[in-house]
Colleague: 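For reference, the structure I am asking about is given below.
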Protein chains: 2
Amino acid sequence: MLRIITQVAEAKTELRRICDRTHDDQIVHKEATVREVLQAVKRQGDKALLHYTAEFDGQIFTAEQLRVSGSELDAAYQQVSKELLDAIGLARQQIEAFHRQRIPKSWVQFGEDEIVLGKRYTPVDKAGLYVPGGRASYPSTVLMNAIPAKVAGVPRIVMVTPPGQGKTINAAVLVAAQEAGVQEIYRVGGAQAIAALAYGTETIPKVDVITGPGNIYVTLAKKLVYGAVGIDSLAGPSEVLVIADAAANPVYVAADMLAQAEHDPMAAAILLTTDAGLAKKVQLEVERQLENHPRRLLTEKAIAHYGLIVVVDSLNVAAELSNEFAPEHLELEVQEPWEILEKIRHAGAIFLGNSTPEAVGDYLAGPNHTLPTSGAARYASALGVETFMKHSSLIQYSPTALQKVSNAIQILAQAEGLPSHADSVRLRTEKPTDE
Amino acid sequence: MLRIITQVAEAKTELRRICDRTHDDQIVHKEATVREVLQAVKRQGDKALLHYTAEFDGQIFTAEQLRVSGSELDAAYQQVSKELLDAIGLARQQIEAFHRQRIPKSWVQFGEDEIVLGKRYTPVDKAGLYVPGGRASYPSTVLMNAIPAKVAGVPRIVMVTPPGQGKTINAAVLVAAQEAGVQEIYRVGGAQAIAALAYGTETIPKVDVITGPGNIYVTLAKKLVYGAVGIDSLAGPSEVLVIADAAANPVYVAADMLAQAEHDPMAAAILLTTDAGLAKKVQLEVERQLENHPRRLLTEKAIAHYGLIVVVDSLNVAAELSNEFAPEHLELEVQEPWEILEKIRHAGAIFLGNSTPEAVGDYLAGPNHTLPTSGAARYASALGVETFMKHSSLIQYSPTALQKVSNAIQILAQAEGLPSHADSVRLRTEKPTDE
């Protein structure tokens, strides 16, 4: 049964516990395993990949079979329905349209004395996308990672995903990849796949940035290789926080909370409401919708451990609690969502009003569904085109311009005890003496 | 003596060795120490900070003395020259002007059927700036970290820096902080300072993002706390790569290379030139400028281990070698720098022409001097205003808009085996039946 609490102090404690549910000690234990896998792949390349794929995924094949073949890619289209293909197409189109806006653009500005300053944006050379697999099928993950990379102009995009029974890759995943323009796909998952992308093997190229969600081993591997390669973020289990007033519909709120809980036993679903009546109704409705839920066991577990309803005095209090939690997904199922929005400081994505379930954003509204979790929305943002781009600062000074700042630079360099810094300017600007 | 090589294959091997000079095994040994420090600060707060400050910095004081007092802040102004204060002022003004441009702006767009999509940018609540200290004095580091945070609109900025003899903090650092608008400064450094910022203590607040360079312990600590808090990057030792043709002045090139080498025995200074004559002249000039260098020992060590001149056949080859190295600083001391620029894909900051020594950018041109090192320019960029901001995606659908995509979302949710995702849309859009 979804708990209802009414004390702000208790709510704060509970929200902190839920927010911190992944920061910890279980993680350190697994790190040794992950380090071993990384080292093995770094040293032995493909051989280690095949070894761990046999060990962890129970799939045995050769290095030549790592890459998904052209005929498998073609065949995937025969295995998805026309309806699903159309839905993938609609999602692709809307995600691409959103990500095409505000692509970072290079610029220069011209100042006095022929000074030129600017920023020059370029895509990374190679991107690696991790897509969870095995029993699950996540075509939406493919679209949300591949499309921003494509829009950024990344010349080479490589996808890795763990093989299921018979070394197959889910057909919807293969179709989504092709629809997004990705053809280079390797059947390998887990920490070993991250290692392959970070260090390269005989078959899989070393990439510049790795994105995409995964289990705890994948996340740990991403953290460990960060620095040798860029990563998008350290994704934890998903979470939704709903702020609702009397205008909300308990049936919708309950469905939205379960849509989060059904992801993972560690997923969190929280409701902050000013309406004690709504709280009760949502509590009952969650029970009702769970009755014949195909993923009931897992979903109930998430609700029991990381589900919570808090009845609050005002929407202001709700906004403040939400800011402390910094949710990945925030739904504002209230009469005046744009009014409350002004009070929200931290959230990965914000869904406004009663007709915007999170699922709209998960699949096809356009904005990215890869979002900061576990409080990371305090400092991080959705995956985007900029995840696959970087910029170089541009600086050009003329002799006149350099002359004018020469003294100031030498003083600063001397204050920092760096004589050659001073010399590099002095030698260029001091008047030649007769020798 | 600075080595000159002429074979591209050898150059590639050497450049790879230099680029990888910090990715390593020495690091793993230090991790245990850093983990211990992080845990101690997490558990014991200020007590652990004071303990490690006594142990590592040899400075003993009380928790009340952690924060630099108002009178110390005032006194610092008496200890810096008028000239240095003016130079700091000029640098502050130009850095601020550059960073004020293109601050990410929130936006919304209105689509068909009352769909609203957008991005809302907000600053982090609290930023923590690490400034190296002890014997060194880096007012420029203060400016380059504090100004972007201020421009981003961060309400609370906290600075930490290790104390020197008599628990003092360098006066130029204190003045630079105040000129940049930072008043909250704590005398603590090393991994213990990073822990304090990541977890909070009785005296030092937990922040949302930590920026600033430090030694290997600081960098390791930043890597380990990443996820609980945002970080700017994992900064390694500094590096410059100069591309020069016959138009370059060997005296300037040598000074620029030494300006990099004098930072750190691990710093790298590389010249790629089409002019074998220039190569020889730079080699000699480096020797000459080293003769009376106040930091000769350290600088010579860097030049010996990580200094290199490569004579190449063409500027195209130079550009390609540079792209593989992805230097932190790239100087184009060539006749037509803007022509070569087109061929550059990866570099933290690019200095164009013979009158733009890196020192201009280090101190006051405006762009940030905190740049990706050790090849990270393949995927990362300079510190900036966006380091201290994040965005929330905004999505609002109307009942009509939701109706139109309802079927597609349900199909995608079913393909992913997530029934409540489908329900959250179906329950909102199916026609009510008579019950």
Side-chain angles (χ1 to χ4, degrees), chain A residues 23 83-84 87 90 117 122 124 137 172 208-209 227-228 230 234 251 255-256 258-259 262 294 345 347 349-353 355-357 359-361 363 365-367 378-382 390-399 402 408-409 411-412 415-416 418-421 423-425 427, chain B residues 23 83-84 87 90 117 122 124 137 172 208-209 227-228 230 234 251 255-256 258-259 262 294 345 347 349-353 355-357 359-361 363 365-367 378-382 390-399 402 408-409 411-412 415-416 418-421 423-425 427:
Chain A
H23 295 155
E83 272 188 316
L84 180 55
L90 175 66
L117 299 177
T122 42
V124 301
S137 152
D208 302 306
V209 63
L234 302 172
V251 176
D256 294 355
L258 290 174
E262 71 180 350
R345 294 201 307 281
I350 304 173
F351 301 82
L352 296 108
S355 298
T356 319
V360 174
Y363 289 117
R378 288 183 295 121
Y379 58 84
S381 313
K390 68 290 186 295
H391 60 76
S392 305
S393 305
L394 301 180
I395 306 176
Q396 182 169 39
Y397 264 54
S398 66
L402 189 63
I409 293 174
I411 289 163
L412 286 162
E416 297 196 347
L418 297 170
S420 289
H421 280 66
D423 282 350
S424 71
V425 176
L427 291 165
Chain B
H23 294 155
E83 272 186 319
L84 179 55
L90 175 65
L117 299 177
T122 42
V124 301
S137 152
D208 302 306
V209 64
L234 302 173
V251 176
D256 294 355
L258 290 173
E262 72 179 349
R345 293 199 311 278
I350 304 173
F351 302 81
L352 295 106
S355 297
T356 318
V360 173
Y363 288 118
R378 288 182 294 121
Y379 58 84
S381 312
K390 68 286 186 305
H391 60 76
S392 305
S393 305
L394 302 179
I395 306 176
Q396 182 168 38
Y397 264 54
S398 65
L402 189 63
I409 293 173
I411 289 163
L412 286 162
E416 297 196 348
L418 297 170
S420 289
H421 280 65
D423 282 350
S424 71
V425 176
L427 290 166

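Just so it is clear: chains get the letters A, B, ... in the order the sequence lines come, proteins before strands, and each one is counted from 1. Only a predicted model underlies this, so the values are computations on that prediction, with no experimental measurement involved.
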Colleague: Do you know which two heavy atoms are closest between B:K390 and A:R378, and how far apart they sit?
Modeller: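 So the two residues come closest at CE-O, 3.1 Å.
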Colleague: Which atoms of B:A365 are under 4.5 Å from chain A, going by heavy atoms: the side chain, the backbone, both sets, or neither?
Modeller: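 Contact with chain A: backbone and side chain both.
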Colleague: Please step through side chain to side chain contact (heavy atoms under 4.5 Å, CB included) for the pair B:L84 and A:L412, ending with a clear verdict.
Modeller: CA-CA 7 Å; B:L84 179 55; A:L412 286 162; 3.9 Å; yes
Colleague: As an exercise: rank A:D423, A:V425, A:L117 by heavy-atom pairs under 4.5 Å with chain B and give me the winner.
Modeller: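 If we count pairs closer than 4.5 Å to chain B, A:L117 comes out on top.
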Colleague: Which residues pass the side-chain hydrogen bond (donor to acceptor under 3.5 Å, both in side chains) test with B:S355, not counting sequence neighbours?
Modeller: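 Expected list: none.
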Colleague: Measure from the side-chain N and O atoms of A:S424 to the backbone N and O of B:A255, and report whether any donor-acceptor pair falls under 3.5 Å.
Modeller: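 No: the side chain of A:S424 does not pair with the backbone of B:A255.
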Colleague: Could you tell me which of A:V209, A:D256, A:V251 has the largest number of non-hydrogen atom pairs under 4.5 Å with chain B?
Modeller: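 Max contact count across the listed options: A:D256.
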Colleague: Heavy-atom pairs under 4.5 Å with chain B are the metric here; pick the option from A:P399, A:G353, A:S398 that has the most.
Modeller: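 The residue among A:P399, A:G353, A:S398 with the greatest pair count is A:P399.
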Colleague: Under the 3.5 angstrom rule, does the side chain of A:Y379 hit a backbone N or O of B:G227 as a donor-acceptor pair?
Modeller: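 Between the backbone of B:G227 and the side chain of A:Y379 there is a qualifying donor-acceptor contact (under 3.5 Å).
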Colleague: Side chain, backbone, both or neither: which part of B:L90 has an atom under 4.5 Å from a heavy atom of chain A?
Modeller: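 Contact with chain A is through the side chain of B:L90 alone.
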Colleague: Using non-hydrogen atoms and a 4.5 Å limit, figure out which bit of A:T122 sits close to chain B: side chain, backbone, both or neither.
Modeller: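 Just the side chain, heavy atoms under 4.5 Å.
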Colleague: Can you see which heavy atom on A:S420 is nearest to which on B:L258, and at what distance?
Modeller: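 Between these two residues, the closest heavy atoms are OG-CB, 3.5 Å.
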Colleague: Can you tell me how far OH of A:Y397 sits from CG of B:L352, rounded to the nearest 0.5 angstrom?
Modeller: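 Answer rounded to 0.5 Å: 13.0 Å.
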Colleague: Which of the residues A:S392, A:A408, A:A359, A:A349 is involved in the greatest number of heavy-atom pairs with chain B at under 4.5 angstrom?
Modeller: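 Of the candidates given, the most pairs with chain B belong to A:S392.
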Colleague: Side-chain contact test, heavy atoms from C-beta onward, threshold under 4.5 Å: evaluate it for B:L418 versus A:Y363 and give yes or no.
Modeller: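 A side-chain contact under 4.5 Å exists here.
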Colleague: Could you pull out all residues at least two apart from B:T356 that satisfy side-chain hydrogen bond (donor to acceptor under 3.5 Å, both in side chains)?
Modeller: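 Partners of B:T356 under the side-chain hydrogen bond (donor to acceptor under 3.5 Å, both in side chains) test: none.
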